Every structure is written in structure tokens, then in C-alpha cells.
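The chain is numbered in sequence order, starting from 1. This one's a predicted model, so the numbers in the text were calculated from it and none came from an experiment.
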Amino acid sequence: QEKLVESGGGLVQPGGSLRLSCAASGFILDDYSIGWFRQAPGKERELVATITSGGSTYYADSVKGRFTISRDNAKNTVYLQVNSLQPEDTAVYYCAAGGSGGNWVYWGQGTQVTVSS
């Protein structure tokens with residue numbers, strides 16, 4: 001079965017960095033656009049960044065300049081480098097795979113990012 005697994009979350013201090021990973025199995029990740037989402041308690045799920053199969057990227061205004069999305073097709077993995085983390089970045093981060101129509105068809109289970117002193 002098609003599966004996405006996120007990893008790399010954890011507890012960091014304000015100003016710290018993490019590299020989140022989204023590893024795909026059961027399908028070729030490069031055939032899809034990949035999105036990173038996050039959801040904090042009491043808030044709606046928010047699209048953070050996307051990368052298309054052609055390599056085009058998108059970032060939410062709140063993370064632009066701090067977060068970077070990238071692909072490693074040989075490892076069938078997409079990464080989200082998150083820098084200059086702030087407490088408001090605290091959330092569960094999810095990756096999803098989708099086609100060109102904006103439909104996200106596969107989702108991971110999420111990885112927790114907590115930013116606190």
C-alpha cells in the first residue's frame with residue numbers, strides 16, 4: 001500500500017532548526033507534487049510548502065525565508081528544512097502527495113515539532 005512516513009520532529013529552542021523527512025513507499029514520489037502541512041491545537045491545517053515533480057516550490061508567507069523544501073529522488077524522500085523556529089511554529093507537521101489537480105491523495109501520520117525554551 002502507498003505510504004508516507006514523516007520523521008525528524010522534536011523539541012527545539014527558539015531560533016533552532018530541524019530537518020523533517022517524508023519518505024515514500026509503494027509509489028514513486030517523483031511522480032507527485034508533495035506538500036508539507038502543519039496543524040496546531042485549535043487551528044486549521046495549514047499548507048506550509050509544496051514542491052512539484054518539476055521542482056517548482058511554494059511557501060506560505062509565514063515561513064518564506066526560513067523553511068526550504070527539497071527532493072531526493074534516489075531516496076524517494078522529500079525534506080523540509082525548518083530554520084529560525086519560533087514558538088508559533090509549534091505544530092504537527094504532515095506531508096502529503098498529490099496530483100496536478102490540487103488533490104492530496106496520500107498522507108503521512110505527522111511528526112511533532114515543538115519550539116520552546
Mind running side chain to side chain contact (heavy atoms under 4.5 Å, CB included) on Leu11 and Ser116 for me, showing each step along the way?
CA-CA 7 Å; Leu11 173 64; Ser116 176; 4.2 Å; yes
Does Pro14 reach the side chain of Ser117, with side-chain heavy atoms less than 4.5 Å apart?
yes
How long is the gap from OG on Ser25 to CD on Glu2, to the nearest 0.5 Å?
9.0 Å
Check the hydrophobic clustering (I, L, V, M, F, W, Y; side-chain heavy atoms under 4.5 Å; chains of links allowed) and say if Val92 and Val113 are grouped together.
no
Taking the side chain as everything from C-beta on, heavy atoms only, tell me whether Val63 gets closer than 4.5 Å to Arg38.
yes
Please find the pair of heavy atoms, one from Lys43 and one from Gln39, that lie closest to each other, and give the distance.
O-NE2, 3.2 Å
Among all residues two or more places apart in sequence or in another chain, which pass the ring-ring contact (aromatic ring centres under 6.0 Å, His included) test with Phe27?
Tyr32, Tyr106
Is the backbone of Leu29 close enough, under 3.5 Å, to the side chain of Asn76 for a donor and an acceptor to pair up by distance?
yes
Should Tyr79 and Ile69 count as side-chain neighbours, where that means a heavy-atom distance under 4.5 Å?
no
Test your reading of the model: is there a side-chain donor-acceptor pair from Asp89 to the backbone of Gln86, 3.5 Å cut-off?
yes
Trp36 vs Phe67, test: ring pair (Phe, Tyr, Trp, His ring centres under 6.0 Å). Steps then yes/no.
CA-CA 11 Å; Trp36 280 99; Phe67 291 10; 9.8 Å; no
Do you know which two heavy atoms are closest between Ala60 and Leu47, and how far apart they sit?
CB-O, 3.6 Å
Just checking, is any N or O donor in the side chain of Asn83 or Ser17 under 3.5 Å from an acceptor N or O on the other one?
yes
Least distance between heavy atoms, Arg71 atom then Thr52 atom
NE-O, 3.2 Å
Give the cluster check for Tyr93 versus Tyr59: same hydrophobic cluster or not, with ILVMFWY residues linked at side-chain heavy-atom distances below 4.5 Å.
yes
Can you find a pair of side-chain heavy atoms, one from Thr111 and one from Leu20, that are under 4.5 Å apart?
yes
I'd like to check Ser62 versus Glu46 (side-chain heavy atoms, cut-off strictly below 4.5 Å). Are they in contact?
yes
Without swapping roles, check the side chain of Asp72 against the backbone of Ala74 for a donor-acceptor pair under 3.5 Å.
yes
Heavy-atom side-chain contact between Tyr94 and Glu6 under 4.5 Å:
yes
Look only at the side chain of Thr77 and the backbone of Lys75, and say whether a donor-acceptor pair between them is shorter than 3.5 Å.
yes
Under a 3.5 Å cutoff, is there a donor and acceptor pairing between the side chains of Gln112 and Thr114?
yes
Approximate separation, where rounding is to 0.5 Å, of Cys95 SG and Leu4 CG
4.5 Å
Is the number of heavy atoms from other residues, nucleotides or ligands within 6.0 Å of CD1 (Ile28) greater than 12?
no
Should the pair Trp104 and Phe37 be assigned to parallel (<30°), tilted (30 to 60°) or perpendicular (>60°) ring geometry?
perpendicular
Find the distance between SG (Cys22) and CD1 (Ile51) and round it off to the nearest 0.5 Å.
11.5 Å
Shared hydrophobic cluster for Val78 and Trp107 (ILVMFWY, side-chain gaps under 4.5 Å):
no
In this structure, are over 12 heavy atoms from other groups packed under 6.0 Å from Glu44 atom CD?
no
A side-chain contact here means heavy atoms from C-beta on lying under 4.5 Å apart; do Thr50 and Ile34 qualify?
no
About how many Å separate CZ of Arg66 and NZ of Lys64, when rounded to the nearest 0.5 Å?
13.0 Å
